[in-house]
Amino acid sequence: MKKYLLNQKIDFFISPTAPFHFDGTFHKPSHFPNNLKLEDWEPGTYWQSLRVEKKLYGLKIENAEIAAKQKIKVSLYSNKEFAKDEIEKLKDEIIWRFELHVDLKAFNNLVKKDKRFSPIFKKWIGMRDTSEYTLYELLIIAIVLQNATVRRSQQMLDSLLAHFGRKIEFDGKEFWAIWLPEELENVSEQELRDMKIGYRAKFIKRLSHEFAEGKIDEYALRRLEQETVKKELVKLYGVGPETARILLFEVYHHYDVFDHIAPWQQTIYSRLFYNKQLVPVDKIRDDIKKQYGNYSMLAVHYIWEDIFWRRKYEKIDWLEKEIRL
DNA sequence: CATCAGGGCCCTG
DNA sequence: CAGGGCCCTGAT
């Protein structure tokens, strides 16, 4: 596998809206990592391969403080020289994907009144709802999550990356990036099946073709309202309610997408919110919507990530049982 | 050894 | 609108 060395570098700073939570924004412990790394994190520093349209970059983001103001230092790496308008475009894209511009005052005020979970919301105040990926990339990840345990999802993504992905090096570190949709045009469904991804081979083949043809415009959907976006996403072959929910929340930053609750999520929510074995999904949904209104999914995201942060440092027996590695 | 459900979705009746 | 089938894996 050829490795692309990205040795051109530019730096700039961004001032996120305050308050801002660096680690909560750039690391999501509920996302299970695969072996061929797409990103890496340590407190105060974050790296990833970054796909913007057809171009591939390395991205490093560091927590920084300048004149008592919290900022982030962005370093971009490429194997070609950067054009001026390219830098502006990348900056805007990073701001969008990590929601560095959003105003969460209304949300913060709402959750301040939450008797049970206000300590959690306070702890993570300034955390954003992010996607490091393009729509196509997160779609691929969502597809390999379907109907599979975590270990199997990791395996599927790793074998796909090893065959079709791209390996890059920047800042002395190695990362992988997901292929472009058109790069699968000459790959047969059988070749995809050989990656042991099962019936998902058909989904990925058809989806990639739809993206390669330009049937869906990722950027145009950013300007549309939730229901319209959902309709467009569900039209894609292999995208149902759960995959649409993931995309709507992470890629399109819609906070009120708490209509679909998968069985494995139901058990974890039951424990988190009721300390019970199994609460009916309709009750969970109604209670959450009543409590958090238009911020339902964002609020759940805070509580959800918090428990997975805790899992990094302490053993939580009931959770280990539920997530079934 | 066999059986089965899993971090859904499509298709059929 | 309910239910069967789909790939592969690891748990039982």
Side-chain angles (χ1 to χ4, degrees), chain A residues 28-35 38 129 131 133 135-164 184 187-211 215-216 230-251 257-273 277-282 284-285 288 297 300-301 303-309 311-312 316-325:
Chain A
K28 304 293 183 186
S30 78
H31 296 185
F32 295 88
N34 56 315
N35 291 316
L38 301 169
D129 156 28
S131 170
Y133 306 111
L135 173 61
Y136 176 76
E137 290 175 311
L138 187 56
L139 195 42
I140 294 296
I141 291 170
I143 299 278
V144 300
L145 287 172
Q146 288 174 6
N147 210 21
T149 53
V150 172
R151 183 170 298 138
R152 185 149 140 67
S153 297
Q154 293 170 333
Q155 219 170 337
M156 288 190 274
L157 186 57
D158 281 335
S159 71
L160 285 167
L161 281 171
H163 282 82
F164 309 113
L184 291 193
V187 176
S188 67
E189 190 181 319
Q190 186 54 50
E191 285 174 84
L192 287 171
R193 253 170 207 277
D194 294 341
M195 304 297 106
K196 298 182 186 298
I197 61 174
Y199 64 86
R200 300 166 196 83
K202 191 173 164 191
F203 290 4
I204 291 182
K205 182 70 187 154
R206 274 177 69 162
L207 279 170
S208 299
H209 183 62
E210 289 176 328
F211 273 79
K215 241 181 149 178
I216 184 157
K230 185 173 181 182
K231 259 185 221 150
E232 290 302 311
L233 293 175
V234 171
K235 276 186 203 162
L236 294 167
Y237 192 76
V239 177
E242 174 62 4
T243 303
R245 185 195 63 77
I246 295 172
L247 298 172
L248 277 171
F249 183 64
E250 297 192 16
V251 173
V257 283
F258 202 69
D259 297 304
H260 184 265
I261 301 174
W264 69 280
Q265 294 158 347
Q266 181 190 7
T267 59
I268 298 182
Y269 291 152
S270 299
R271 189 69 180 232
L272 276 177
F273 297 126
Q277 287 278 321
L278 205 61
V279 176
V281 287
D282 288 348
I284 298 176
R285 182 175 48 231
I288 291 291
M297 192 66 238
V300 170
H301 177 66
I303 297 164
W304 183 264
E305 290 302 327
D306 178 69
I307 191 77
F308 281 91
W309 274 100
R311 176 173 175 265
K312 285 173 86 88
I316 305 170
D317 286 328
W318 67 265
L319 187 58
E320 292 308 311
K321 240 179 266 163
E322 299 300 348
I323 55 185
R324 319 162 90 84
L325 294 171

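Projected onto DNA chain B by closest heavy-atom contact, A:H31 and A:L236 fall at different nucleotides, the more 5' of which corresponds to A:H31. Of the residues near DNA chain C, A:R151 and A:E189, the one whose nearest nucleotide (by heavy atom distance) lies more toward the 5' end is A:E189.
Nucleotides B:dC1 and C:dC7 are separated by 25 Å at their P atoms, to the nearest Å. For the C1' atoms, the distance linking B:dG7 with C:dC1 amounts to 24 Å, nearest Å.
For the residue pair A:Q277 and A:S270, no side-chain donor N or O sits within less than 3.5 Å of a side-chain acceptor on the partner. Between the side chains of A:K28 and A:H301, at least one donor-acceptor pair of N or O atoms lies under 3.5 Å. Using modelled atom types, one finds a donor on one side chain and an acceptor on the other under 3.5 Å when comparing A:Q265 with A:E242. With hydrogens and angles left out, the side-chain atoms of A:Q154 and A:D158 include no donor and acceptor closer than 3.5 Å.
Side chain of A:K205 to backbone of A:V187: a donor-acceptor contact under 3.5 angstrom is found. Side-chain atoms of A:Q266 come within 3.5 Å of backbone atoms of A:V279 as a donor-acceptor pair (strictly under, hydrogens ignored).
Within 4.0 Å of A:R193, counting heavy atoms only, lie sugar-phosphate atoms of the nucleic acid but no base atom. In this structure, A:S153 reaches neither bases nor backbone, as no heavy-atom distance under 4.0 Å exists between it and the strands shown.
On the nucleic acid side, DNA chain B contacts chain A at distances under 4.0 Å to non-hydrogen atoms, with the end points of that region at B:dG6 to B:dC11.
At a non-hydrogen distance threshold of 4.0 Å, A:N147 from residues 140-149 of chain A come into contact with DNA chain C.
Between A:Y199 and A:F203, the ring planes are perpendicular. Angles over 60° get that label, and only those under 30° would be called parallel.
Between A:F258 and A:Y269, the ring center distance clears the sub-6.0 Å criterion.
Applying the 6.0 Å contact sphere to NE2 of A:H31 captures more than 12 heavy atoms from other residues, nucleotides or ligands.
Ion pairing of A:R206 with A:E210 is absent here, as no side-chain N (NZ or NE/NH1/NH2) approaches a carboxylate O to less than 4.0 Å.
A cation-pi arrangement, defined by a distance under 6.0 Å to the six-membered ring centre and an angle within 45 degrees of its axis, is absent between A:K321 and A:W318.
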Item to check | Secondary-structure notation, DNA chain C, from Watson-Crick and G-U pairs under 3.5 angstrom (| other strand) | outcome: ||||||.|||||
